[in-house]
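As the structure is a computational prediction, the values presented were derived from the model and not from experiment.
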Amino acid sequence: MRIGELSRRTGVSQRLLRYYEEQNLLTPHRLTSGYRVYEPADELRVAHIRSLLAAGLSTETIAEVLPCMGVDGERLIASICPELVDELLVERARIADSIRSLQEAQSALDAIITAKPAASSTAAQAPAESRSTSLAG
DNA sequence: ATTCTAACA
DNA sequence: TGTTAGAA
């Protein structure tokens, strides 16, 4: 099938499908016309790519991890390859780290939001309305 | 009618 | 990622 059909069947835009190819996630053949030709199995492959992206993996990581993935019906299985599981655990650790970082940012913001002025505090003056256009307007 | 590449109000 | 111009 060509890109238009794969796009319809997967709900992924043609632009994105070409992007996935650029990222080495898909490798369609080419007709002499230059048109891309996809295998029927690519429909499921695209779904798997979407799942991995939703899991927060980069296209680079997906490219090296996808070939090791096992498939159970529609679902992806990582347990087939032990080294793969290790890498995914590293990704999981990155996510846990990001969460910790965001929680700290949230706490810092909360401290500023709830802070109340002391009786003699010198309050900063609110800046005047800013105009994005010229004075002449 | 479809797809391709390249580029950006 | 969308959109789009210009060509095949």
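Taking both residues in full, the closest heavy atoms of A/I95 and A/A55 are given as CD1-O, 3.7 Å, listed atom of the first, atom of the second, then distance.
Between A/L26 and A/R36, every side-chain heavy-atom pair lies at or beyond the 4.5 Å cut-off. Two residues are said to be in side-chain contact when any heavy atoms from C-beta on lie closer than 4.5 Å; A/Y38 and A/V46 fail this criterion. In this structure the side chain of A/Y20 reaches within 4.5 angstrom of the side chain of A/L53, judged on heavy atoms. In this structure, the side chains of A/M69 and A/I80 stay at 4.5 Å or more apart for every pair of heavy atoms. The shortest distance between side-chain heavy atoms of A/L6 and A/V12 does not fall below 4.5 Å. Side-chain contact between A/R45 and A/L66: present, with at least one pair of heavy atoms (C-beta onward) separated by less than 4.5 Å. A/D110 places a side-chain heavy atom less than 4.5 Å from the side chain of A/Q106.
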_Return a single string for nucleotides 2-8 of chain C, one symbol per nucleotide in 5' to 3' order, where B is base contact, S is sugar-phosphate-only contact and - is none, cutoff 4.0 angstrom on heavy atoms._
BB----B
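The environment of A/Q23 atom CD is dense: over 12 non-hydrogen atoms of other residues, nucleotides or ligands sit within 6.0 angstrom.
Where DNA chain B meets chain A (any atom under 4.0 Å from a heavy atom), the bounding nucleotides read 5' to 3' are B/dT2 to B/dA7.
With a 3.5 Å limit on both pairing distances and Watson-Crick or G-U wobble geometry required, the stems of 3 or more pairs in DNA chain B span B:2-8 with C:2-8.
When each of A/R8, A/R50, A/R9 is paired with A/E43, the salt bridge (Lys or Arg N to Asp or Glu O under 4.0 Å) condition holds for A/R9 and for no other.
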